Amino acid sequence: LLFTDTTLNYEALGNNTFRFQLGAMPQGYCQNLMFRVYVDCDSTVLGQTACISAHVYPDSLCIEPPGWSGAEIQVSARCEQDTALHFDVTNTGPVPTQGLHYFVIEDDVVLMEDNEIYQPGQTRSFSLPANGHFRRFESEQEPGHPFSMQVAAWTEGCGGFQNGGFPNWYFLNNGIPSQDVFCGELVGAFDPNDKQGFPVGYSSDRLVSPNTDIEYLVRFQNTGTAPAHRVVVRDTLSKLLDPATLRMGPTSHPATWTLDGQGVLIVTFADINLPDSTANEAASHGFFSFTIAQKPDLPDGTVIHNTASIYFDFNSPIHTNKTRHQIGRNFITVAISDPKAPLTNVRVFPNPVTETALLTFEGLPEGTYRFVLTDVSGKIVREELLKGNALTLHRERLASGVYFFQILDDNGRNAGAGKVLLR
């Protein structure tokens with residue numbers, strides 16, 4: 001995502017990070033900020049997921065809760081030159097953690113899991129060869145932590161792009177009130193009046209754990225032939241959700257909301273004057289979001305449905321799609337590997353490549369492997385057997401651009417990956 005413009009003063013901090021000074025914020029006061037980003041179609045493909053995270057300061061606790069040692073872990077993910085993926089776990093607290101259980105997911109399978117103790121100020125790195133798949137590190141938080149019970153970090157497309165759509169299967173936000181994350185999947189044609197629930201849920205069954213909060217996003221667009229002066233959205237909440245826990249999130253335009261005794265959420269955009277899509281397509285869209293908790297301890301197999309009705313002025317309602325979540329436990333497939341397995345170090349020289357390059361693989365176990373080269377869309381453009389720990393790559397008729405490679409063993413498992421640039 002490339003930052004383009006905003007109506008507020010801001011400071012660019014580098015690495016696609018920006019700081020907004022919001023000024024004094026009295027208790028109970030709300031403030032919105034809007035900005036635009038550009039999605040570069042030349043470097044992305046449909047199905048990839050783009051994420052934005054926000055952190056509001058100050059974020060310190062006024063009162064430290066009892067039963068918490070003060071230890072706190074933070075998790076981050078970094079892709080090193082598209083050859084290796086590192087998850088860094090840091091204990092930012094003054095005391096050691098207890099033994100915290102962690103696991104690493106690739107797409108929809110648990111690759112490895114273990115328990116780890118983190119000393120004060122210690123950063124523990126967990127490394128994997130890059131292979132272009134979605135990878136997620138999830139860990140318990142220190143018991144008694146005031147906000148979160150779990151923390152997670154993830155990355156998609158490190159070492160190429162294999163499969164899309166996985167980030168929103170799992171929870172994104174770690175429960176800390178001063179921080180938030182939103183991820184959107186890049187799509188082509190889509191229904192402009194829709195409803196989404198996050199996390200989307202695991203697999204086609206849309207499985208989520210009991211007691212997981214659900215964030216709903218409702219989007220609408222005026223596709224008529226004149227401005228819409230008033231937009232009203234009615235959302236009849238599932239009886240499996242707890243109306244008392246509803247918290248409104250951001251809205252595209254100023255709005256008011258009410259919740260009646262029957263569990264119907266009514267969001268009103270009065271005097272919105274939403275232009276029609278033929279007059280101003282970019283400004284013809286609107287949205288709002290809210291977060292709500294499940295009823296406590298729903299049994300496995302329970303299905304939560306939700307839909308919304310959108311009224312543009314005095315027209316008949318437009319009904320969104322119906323969201324679906326199913327309650328389950330321990331539903332992630334497990335395919336455990338050795339968390340201490342050595343990482344194959346791949347070197348490419350020269351890189352960028354003009355005609356030929358030498359690839360060497362340090363730490364690659366003996367065996368027969370396949371070298372697979374793909375373009376940015378994931379299309380295989382070169383494939384050959386690899387014998388030994390080196391390979392000469394001949395450009396031949398390949399066009400200029402970025403290419404990704406994988407080293408696959410006889411079982412199709414990734415043993416190394418990287419990126420080459422052809423000039």
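This one's a predicted model, so the numbers in the text were calculated from it and none came from an experiment. Sequence positions, counted from 1, serve as the residue numbers for this chain.
For Q294 (side chain) and S209 (main-chain N/O), a donor-acceptor pair under 3.5 Å exists by modelled atom type. Between the side chain of T90 and the main chain of T92, no donor-acceptor pair closer than 3.5 Å is present. Remark: the backbone N or O of F35 is not paired with any side-chain donor or acceptor of D5 at under 3.5 angstrom. Panel note: side chain N91, backbone Q122; no donor-acceptor pair is recorded below 3.5 Å. Checked by atom type and distance alone, the side chain of T83 pairs as donor or acceptor with a backbone atom of E80 at under 3.5 Å. Although no hydrogens or angles enter the test, the distance criterion places a donor-acceptor pair under 3.5 Å between the side chain of N351 and the main chain of L421. At distances below 3.5 Å, at least one donor-acceptor pair connects side-chain atoms of T320 with backbone N or O atoms of A308. Side chain of H133 to backbone of G160: no donor-acceptor contact under 3.5 angstrom is found. A donor-acceptor pair under 3.5 Å links the side-chain atoms of D242 to the main chain of A244, judged by distance alone. A donor-acceptor pair under 3.5 Å links the side-chain atoms of T245 to the main chain of A293, judged by distance alone.
Note that the CD atom of Q141 and the CG atom of L100 stand 7.5 Å from one another [nearest 0.5 Å]. Separation of atoms CG (L33) and OG1 (T7) is listed at 8.0 Å; rounding is to 0.5 Å. Rounding to the nearest 0.5 Å gives a distance of 11.5 Å between NZ of K195 and OG of S289. Within the model, atoms OG of S139 and CD of Q74 stand 12.5 Å from one another, a figure rounded to the nearest 0.5 Å. Atoms CG and CD1, on L391 and I407 in that order, are 7.0 Å from each other to the nearest 0.5 Å. Put simply, CG on L265 and CG on L241 are 11.5 Å apart, with the number rounded to the nearest 0.5 Å.
In this structure, a donor-acceptor pair under 3.5 Å is present between the side chains of Q150 and E138. Looking only at atom types and distance, the side chain of S69 has a donor-acceptor partner in the side chain of E142 under 3.5 Å away. In summary, the side chains of S127 and H86 do present a donor paired with an acceptor at a separation below 3.5 Å, with no hydrogens or angles considered. With 3.5 Å as the limit, one finds a donor-acceptor pair spanning the side chains of E281 and Q221. S309 and H319 are linked by a side-chain donor-acceptor pair at a separation below 3.5 angstrom, with hydrogens and angles left out of the test.
A salt bridge between D194 and R219 is present, with a side-chain N of the basic residue lying under 4.0 Å from a carboxylate O of the acidic one. For the pair E355 and R395, the salt-bridge criterion is not met [side-chain N within less than 4.0 Å of a carboxylate O]. A salt bridge links R124 with E116: the distance from a Lys NZ or Arg NE/NH1/NH2 to an Asp or Glu carboxylate oxygen falls below 4.0 Å. Classification of E396 and R382 as a salt-bridged pair holds, one side-chain N sitting under 4.0 Å from a carboxylate O.
Taking all atoms of both residues into account, the shortest heavy-atom contact from D82 to G159 is OD1-N, 2.7 Å. The shortest non-hydrogen separation linking I117 to T97 is CG2-O, 3.4 Å. Between T49 and G165 the shortest heavy-atom distance is OG1-N, 4.1 Å. Listed here is the closest heavy atom pair of R136 and A152: NH2-CB, 3.4 Å. In terms of heavy atoms, A130 sits closest to A84 at CB-N, 3.7 Å. The heavy-atom pair separating D375 from Y403 by the smallest distance is CA-CD2, 3.9 Å.
Below 30°, between 30° and 60°, or above 60°: for F137 and Y102 the angle between ring planes is below 30°, a parallel geometry. Between W68 and H145, the ring-plane angle classifies as perpendicular under the 30° and 60° cut-offs. Between F290 and Y216, the ring-plane angle classifies as tilted under the 30° and 60° cut-offs. In this structure, F18 and Y10 have perpendicular ring planes: the angle between them is above 60°, well past the 30° mark.
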**Derivation and outcome, side chain to side chain contact (heavy atoms under 4.5 Å, CB included), residues V89 and Y118** = CA-CA 8 Å; V89 185; Y118 306 94; 3.6 Å; yes

**Request:** Mind running salt bridge (charged side-chain N to carboxylate O under 4.0 Å, His left out) on E384 and R370 for me, showing each step along the way?
**Result:** CA-CA 6 Å; E384 58 185 278; R370 287 184 300 122; over 6 Å; no

**Request:** Evaluate side chain to side chain contact (heavy atoms under 4.5 Å, CB included) for F20 paired with E11, printing each intermediate quantity in order.
**Result:** CA-CA 7 Å; F20 298 86; E11 178 184 0; over 6 Å; no

**Item:** Candidate pair H101 and E140, rule side-chain hydrogen bond (donor to acceptor under 3.5 Å, both in side chains), full reasoning
**Value:** CA-CA 6 Å; H101 183 73; E140 294 177 321; over 6 Å; no

**Message:** As a quick check of understanding, evaluate side chain to side chain contact (heavy atoms under 4.5 Å, CB included) for Y170 and F134, giving each step before the final call.
**Reply:** CA-CA 12 Å; Y170 309 92; F134 168 74; 3.6 Å; yes

**Prompt:** Should S125 and D88 be marked as a side-chain hydrogen bond (donor to acceptor under 3.5 Å, both in side chains) after you check the CA-CA gap, both sets of side-chain angles, and the distance that decides it?
**Reply:** CA-CA 4 Å; S125 292; D88 298 326; 2.6 Å; yes

**Asked** Could you go step by step and tell me if F166 and E156 meet the side chain to side chain contact (heavy atoms under 4.5 Å, CB included) rule?
**Response** CA-CA 9 Å; F166 286 105; E156 180 188 57; 5.7 Å; no

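Within 6.0 Å of atom CG in D40, more than 12 heavy atoms from other residues, nucleotides or ligands are found, so the atom counts as buried in its surroundings. Heavy-atom neighbours of R329 CZ from other residues, nucleotides or ligands within 6.0 Å: above the threshold of 12. Within a 6.0 Å sphere centred on CD of Q81, other residues, nucleotides and ligands contribute 12 heavy atoms or fewer. Around atom CZ of R36, no more than 12 heavy atoms belonging to other residues, nucleotides or ligands sit under 6.0 Å away. Within a 6.0 Å sphere centred on CD of E64, other residues, nucleotides and ligands contribute more than 12 heavy atoms.
The ring of H55 has its center closer than 6.0 angstrom to the ring center of Y57.
Contact of the T291 side chain with the L246 side chain is not registered, since no non-hydrogen atoms from C-beta on lie closer than 4.5 Å. Within the 4.5 Å cutoff, no side-chain heavy atoms of L259 are placed close to those of V264.
Screening residues 43-76 for disulfide bond (SG atoms under 2.5 Å apart), with sequence neighbours left out, gives C51-C183.
The side chain to side chain contact (heavy atoms under 4.5 Å, CB included) search around D409 returns Y369, N411, R413, not counting sequence neighbours.
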